[in-house]
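As the structure is a prediction and not an experimental result, all values here were calculated from the model.
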Amino acid sequence: AAADPAEKAALCNELCAAYQRKDLAKAMEYGEQARNEAKAAGITREEAKALNLLGDAAIRQRNMEQAGKFYQEALELAQAANDAEMEGRALHNKGKLAQTVGQTAEALVFYEQAFQIRERIGDKQGLSSTTQNLGVLYAGQDDYEKSTFYYLKALQLKEASGDKAGTTTVQVNLANNYLYLGRFSDAELLLRAGIATNKELGNTRGLASGYLSLGTVVSRLGQTDAAIEAFIKAKDLFAELGDKGNVAAALNNLGQQYTDRAQYVKAQEALLEALKIIEGLPESAGLIHLIYQGLGRVKGYQGLFKEELGYYAKAMPFAGNDLGRANLIQVMAAAYVGDLQFAKGLATAQEGIALSREKGFQDREADCLTQAASALLNLKRLDEALKTIDQAIALGKKINYQPVLSSALVVRSRILLQKNQDKKEILANAKEALKTAQQLNNPLEQVHAWEELAEAYRNLDQA
């Protein structure tokens, strides 16, 4: 019914967008018609829109080369017409194409260029997409500070636009960044807000992902019961969705919690069930790494250090990023100390401290500092040990990382005992270690704290 070429071009663009998920052939047909109508009428804006939409359709057809040609033509047209909005859109799409084919460095360059333009002209809708994608890519490169910067901007834009589904997606991603950076309380607040919204929206997958992340966060805050409850909810919801990979992820996390509870049979059952599920799935290396690491911890807590180190050796080839390596280095350091290989334990812990500091993994740094102090204590380097454990305790308190505090306070008490220092301070450390271990409901740490408390009383001649 449209008689005006400009109106017809705009309507064809709308039809091209509408058919993207329904009928790609029709989408391409309307995109070409929009392009031709706009070109004939000399309307460069609609022509640039058509080229961008044609590029989107080509990506869906897996024709990446053609998509690149459409986006490049759209970019050149927008630049020639001095149309900043269409230029930003074309740059964003070139970034999206590069991201799709795994060219991360190139994608970041295009997204950053799109970000500069879209922020300058106040294109809030476009900026929302660009900042979210930048957040995803920087997180994938373990640059969580930069990723957080962009996620915070994306979150602000999603909330302002009333996009509840988009808001919860960014909240979960941002919470994962806070988890890696040791900002556990901030992560918990975001995840609980996202879970509430996903319940309201009836978004089962979003709800399952939220519970999976929440369990990890609250476990770092020492809330073991809440962590187990969250992981069980995540497992059941992912099973309902038929998502085997995430069922295995939830089982792996349950295994870690049962290990901390000294429920080693339940822990091993959960981890072996997760391993059985995941071995038949593609792209499962990251989770296999965590499961082997978890099985190693089960053996280590039972004093079977050779078997523990054997599992860690199996895990190492699957550690695909710096966080995975930092986690593995920390538990390997503990295994060497447990196996009385103190020099090797110290060297491994120091490697973990350096990596964690470089990447901003504050919880892993606190763990590695504790292992380093324990090794130094056994090597009779007591002044270094005391300085190191004080750093671990200060960092653990700063980020509210409860699980490290009990073991660190036990080590501190032992160091002071060896140095023959203030007997009341030794007792105070042992008491605080026990209180923390009881709050965490961690039986093994409670045993260590009781042992140290007995030593502190003996040292005070309180038989």
Side-chain angles (χ1 to χ4, degrees), residues 1-101 103 106-134 153-154 157-158 160-163 166:
D4 179 55
E7 189 178 351
K8 190 164 246 179
L11 286 167
C12 284
N13 272 329
E14 292 297 333
L15 284 160
C16 176
Y19 271 111
Q20 291 274 339
R21 291 182 182 274
K22 186 178 179 181
D23 185 333
L24 284 174
K26 269 200 166 182
M28 294 293 285
E29 181 185 323
Y30 279 118
E32 288 290 0
Q33 190 175 345
R35 178 188 186 186
N36 293 332
E37 294 279 357
K39 196 168 191 174
I43 308 163
T44 54
R45 186 174 183 77
E46 291 299 335
E47 187 181 350
K49 273 188 190 176
L51 287 163
N52 277 303
L53 287 165
L54 284 165
D56 294 345
I59 286 180
R60 291 182 188 279
Q61 291 178 325
R62 310 305 296 170
N63 189 345
M64 304 305 174
E65 185 181 352
Q66 185 58 55
K69 289 178 181 176
F70 282 133
Y71 290 147
Q72 183 60 31
E73 194 176 340
L75 178 62
E76 291 170 2
L77 187 65
Q79 288 171 334
N82 200 25
D83 187 331
E85 186 182 340
M86 285 297 110
E87 183 181 0
R89 183 170 174 177
L91 285 164
H92 174 93
N93 284 336
K94 284 172 75 70
K96 179 178 67 179
L97 175 61
Q99 183 179 1
T100 303
V101 298
Q103 296 171 350
E106 194 174 336
L108 285 169
V109 170
F110 288 128
Y111 280 141
E112 291 277 14
Q113 290 174 347
F115 171 77
Q116 296 296 332
I117 292 171
R118 287 176 155 179
E119 189 172 50
R120 174 170 54 82
I121 65 173
D123 178 5
K124 292 182 178 179
Q125 186 176 350
L127 197 59
S128 174
S129 297
T130 300
T131 50
Q132 187 169 341
N133 287 6
L134 280 165
K153 284 186 172 290
L157 291 160
K158 299 281 186 191
S161 68
D163 179 1

Next on the checklist: Check E73 with R35, please: is the shortest side-chain N to carboxylate O separation under 4.0 Å?
Outcome noted: yes
Checklist entry - Distance-only, no hydrogens or angles: does the N93 side chain make a donor-acceptor pair with backbone N or O of G55 under 3.5 Å? => result no
Checklist entry - Given Y71, which of L54, I59, L91 fulfils the side-chain contact (heavy atoms from CB on, under 4.5 Å) condition? => result I59
Checklist entry - Looking at A9 and A38, what are the two nearest heavy atoms and their distance? => result CB-N, 3.8 Å
Item to check | Under the side chain to side chain donor-acceptor pair (under 3.5 Å) test, residues paired with Q61 that sit two or more places apart | outcome: none
Next on the checklist: For A114 versus G88, what's the shortest heavy-atom pair and its separation?
Outcome noted: CB-O, 3.5 Å
Next on the checklist: Looking only at the aromatic ring of each residue, does the gap between the centers of Y111 and H92 stay below 6.0 angstrom?
Outcome noted: yes
Next on the checklist: Could you report the tightest heavy-atom contact between A48 and A74, atom names first, then the distance?
Outcome noted: O-CB, 3.9 Å
Next on the checklist: Check this for me: does any side-chain nitrogen of one of D56 and K96 sit under 4.0 Å from a carboxylate oxygen of the other?
Outcome noted: yes
Next on the checklist: Regarding R118 and E85, does a basic nitrogen lie under 4.0 Å from an acidic carboxylate oxygen?
Outcome noted: no
Next on the checklist: I'd like to know if the side chain of D83 and the backbone of Q79 have a donor-acceptor N/O pair within less than 3.5 Å.
Outcome noted: no
Checklist entry - Which pairs pass salt bridge (charged side-chain N to carboxylate O under 4.0 Å, His left out) with one or both residues in residues 20-30, sequence neighbours excluded? => result none
Next on the checklist: Test side chain to side chain donor-acceptor pair (under 3.5 Å) on K153 and Q132; report intermediate values, then the result.
Outcome noted: CA-CA 8 Å; K153 284 186 172 290; Q132 187 169 341; over 6 Å; no
